[in-house]
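By convention in this document, chain letters (A, B, ...) are assigned in the order of the sequence lines, proteins followed by strands, and residues within each chain are numbered from 1.
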Protein chains: 2
Amino acid sequence: MNNSLPKSAGPAGLAGTASSRVFDNLRKDLVGGRFVAGEKLAINALKDRYQVGLSPLREALNKLAAYGLLVQENQRGFRVPKLSRDELDDIAQMRLEMEGMALERAIANGDSLWEADLLAAAHRLKRADITLDKGEEWEHLHTQFHRTLVAPCGSVWLLRFIEQLHDQFDRYRRLGPKMPTIRQELDEQHHQLVELALQRDAKMARELMDDHIHKSYEVALKRYQEHV
Amino acid sequence: MNNSLPKSAGPAGLAGTASSRVFDNLRKDLVGGRFVAGEKLAINALKDRYQVGLSPLREALNKLAAYGLLVQENQRGFRVPKLSRDELDDIAQMRLEMEGMALERAIANGDSLWEADLLAAAHRLKRADITLDKGEEWEHLHTQFHRTLVAPCGSVWLLRFIEQLHDQFDRYRRLGPKMPTIRQELDEQHHQLVELALQRDAKMARELMDDHIHKSYEVALKRYQEHV
DNA sequence: TTAGACAAGATAATCGATTTTTTAATCTAC
DNA sequence: GTAGATTAAAAAATCGATTATCTTGTCTAA
């Protein structure tokens, strides 16, 4: 028997350790808005919540702080970063620049395997949407779709930054309840993005991507403003 | 008495903890090339080297892994990331895009305080160069200069990514011994960058920045090729 | 020979307890 | 009353020891 099934999607292919498990779970919960922004984390409570000892928990918290999903202060532990309009604008602006760049490069580099992956990812996403999002399913497939879209951009660092920005952006977008109406419009764009990618129309694809991020930004902003 | 002196330049204003101290030191050493690329880190040896216990050491290693200066694998600890031509190209390319963008924005936003800071940073850097680099002095002032140059770009995330890319780039640039000849040429450009920034000539400044990064890239590439 | 099983040693990860520092509450002097 | 000192409780950071996993070398059976 071998360990071919990755049990964790942590930093790299880290599997199995308590630290990586709690990292994954905490990351999901932070991105999914299950903590209050600005909140101070009570480490002992987290120990219970994630069923893990102190050492692996602290290691996970340290990683998340370095990743930007937590802030760590002097000798007073960890807290969930505050949200701000300025930061949301910053994140959205950066997404525009970086995902636009990545998409153009991906369209230039992507091979036919990419085309297949893209179609598959879009299909899975659409199907999940019909069944109306049981749990985190749609979120995961959505992330996966955007990841696939830019995957062959040729820059490991660009992909890394984009991923990080997505996590940060989702802290805003996923405030409050779901909005199926707007989602439909955004889902429409996902398919148009695939179309344009397959046609290798980099210019139009980038414009659509800009629009897509703009629309998502408006959703996120609304959520943020309602949430305050 | 208060604690107005920051004792550490860690992730945020983290001061005092053993973890943050060892994080800073390890980061310096990794960026400065005092570890062999690809090397597996012997945690017990690090404990002695940095005079610190296992827990804070592991926390620092976890942070560095999330930051990208280490890689962490399954259940077999930490290692220093390998170097590769492809990655160097990627990093340099990303620096071109991001620092160019940041510089343009900084020139648009920077106030007169920035101008003063910039002149000061350039002066300190030049002076350190004359006294011929005692220890890490020049490196630190160099980092500081580039940081100051883009500081008022208005994007926290852009600054963060640039910082990260600098650390990665320096893993290549700082292989092997110093090269005073080329450094002189690069130092020249630092002053021209200040000139153009003060004149608010964004276009020329960006071109010069591109050239500056290109030249640095050539140095780094040479080092890398000699180092293999 | 050589692939696979096994055991011993080394290393990584985790635990439980201790030390240090912060926080909050109370007290005291003005 | 209020600023500052004092101290008890809480929380963070760290330590020392334990447990789990990997690695290496040796052996055995085909």
Side-chain angles (χ1 to χ4, degrees), chain A residues 1-26 35-36 38-66 69-81, chain B residues 1-26 35-36 38-66 69-81:
Chain A
M1 185 180 288
N2 66 19
N3 56 351
S4 58
L5 303 180
K7 282 156 198 156
S8 151
L14 251 220
T17 72
S19 175
S20 70
R21 234 175 310 128
V22 69
F23 176 90
D24 291 343
N25 291 331
L26 257 167
F35 290 92
V36 179
E39 167 184 11
K40 170 116 180 281
L41 293 183
I43 297 200
N44 281 325
L46 294 182
K47 254 182 45 173
D48 297 343
R49 175 164 177 172
Y50 295 101
Q51 289 296 305
V52 73
L54 200 61
S55 309
L57 176 56
R58 286 189 57 88
E59 294 190 2
L61 294 173
N62 272 281
K63 269 191 282 211
L64 288 163
L69 280 174
L70 289 177
V71 292
Q72 188 175 17
E73 313 169 85
N74 209 318
Q75 241 118 344
R76 52 202 72 126
F78 299 85
R79 56 176 65 244
V80 182
Chain B
M1 185 180 286
N2 66 19
N3 57 350
S4 59
L5 302 180
K7 282 156 198 156
S8 151
L14 252 221
T17 73
S19 175
S20 68
R21 232 174 312 130
V22 70
F23 176 90
D24 291 343
N25 291 331
L26 257 168
F35 290 92
V36 178
E39 165 184 12
K40 170 116 181 283
L41 293 183
I43 297 202
N44 283 324
L46 293 182
K47 254 182 46 175
D48 296 344
R49 174 164 175 171
Y50 295 102
Q51 288 295 306
V52 74
L54 199 61
S55 311
L57 175 56
R58 284 189 58 89
E59 293 189 3
L61 293 173
N62 273 281
K63 269 191 283 211
L64 288 163
L69 280 174
L70 288 177
V71 292
Q72 187 174 15
E73 311 167 89
N74 210 318
Q75 241 120 342
R76 50 202 72 128
F78 299 86
R79 58 177 61 244
V80 182

### Task
Start with the C-alpha distance between B:L69 and B:L26, add both sets of side-chain angles, then the distance that settles side-chain contact (heavy atoms from CB on, under 4.5 Å), and finish with yes or no.
CA-CA 9 Å; B:L69 280 174; B:L26 257 168; over 6 Å; no

### Query
Between B:Q72 and A:S20, does a side-chain contact (heavy atoms from CB on, under 4.5 Å) hold up when you go through it step by step?
CA-CA 10 Å; B:Q72 187 174 15; A:S20 70; over 6 Å; no

### Trace of the side-chain contact (heavy atoms from CB on, under 4.5 Å) decision for B:K63 with B:S19
CA-CA 10 Å; B:K63 269 191 283 211; B:S19 175; 3.8 Å; yes

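To the nearest angstrom, C1' of C:dT22 lies 10 Å from CG of A:N74. Atom NZ of A:K47 and atom C1' of C:dA17 are 11 Å apart (whole Å). Atom-to-atom, CD of A:E73 to P of C:dT23 comes out at 9 Å; the value is rounded to the nearest Å. Between the P atom of D:dA13 and the CZ atom of B:R21 lies a distance of 13 Å, rounded to the nearest Å. The interatomic distance linking B:L57 (CG) with C:dT14 (P) rounds to 15 Å, in whole Å. The separation between B:Q72 atom CD and C:dA13 atom C1' is 11 Å, rounded to whole Å. As rounded to whole Å, 19 Å separates atom C1' of C:dT14 from atom CZ of A:F23. Counting to the nearest Å, the P atom of D:dA20 and the CD atom of B:Q75 are 12 Å from each other.
Phosphate contact (OP1/OP2 of D:dA12, side-chain N/O of A:R58, threshold under 4.0 Å): absent.
Residues B:L61 and B:L46 meet the side-chain proximity criterion, which asks for heavy atoms closer than 4.5 Å. Taking 4.5 Å as the limit, some side-chain heavy atom of A:L41 sits within range of a side-chain heavy atom of A:F35.
Taking A:V71 as the reference, A:R79, A:P81 meet the side chain to side chain contact (heavy atoms under 4.5 Å, CB included) condition, with sequence neighbours excluded.
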Could I get a table of every N or O pair under 3.5 Å where one atom is in the protein and the other is in nucleotides 15-17 of chain D?
unit_1: D:dC15; atom_1: OP2; unit_2: B:G53; atom_2: N; d: 3.0
unit_1: D:dC15; atom_1: N4; unit_2: B:S55; atom_2: OG; d: 3.0

Could you go through nucleotides 9-11 of chain C and list every protein N or O atom that sits under 3.5 Å from one of its N or O atoms, giving the distance for each pair?
none

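Residue B:N44 holds its CG atom at 7.0 Å from CG of B:L54, rounded to the nearest 0.5 Å. In this structure, B:F78 CZ and B:N62 CG are separated by 4.0 Å, a value rounded to the nearest 0.5 Å.
Applying the salt bridge (Lys or Arg N to Asp or Glu O under 4.0 Å) test to residues at least two apart or on different chains, the pairs with a partner in residues 39-54 of chain A are A:D29-A:R49.
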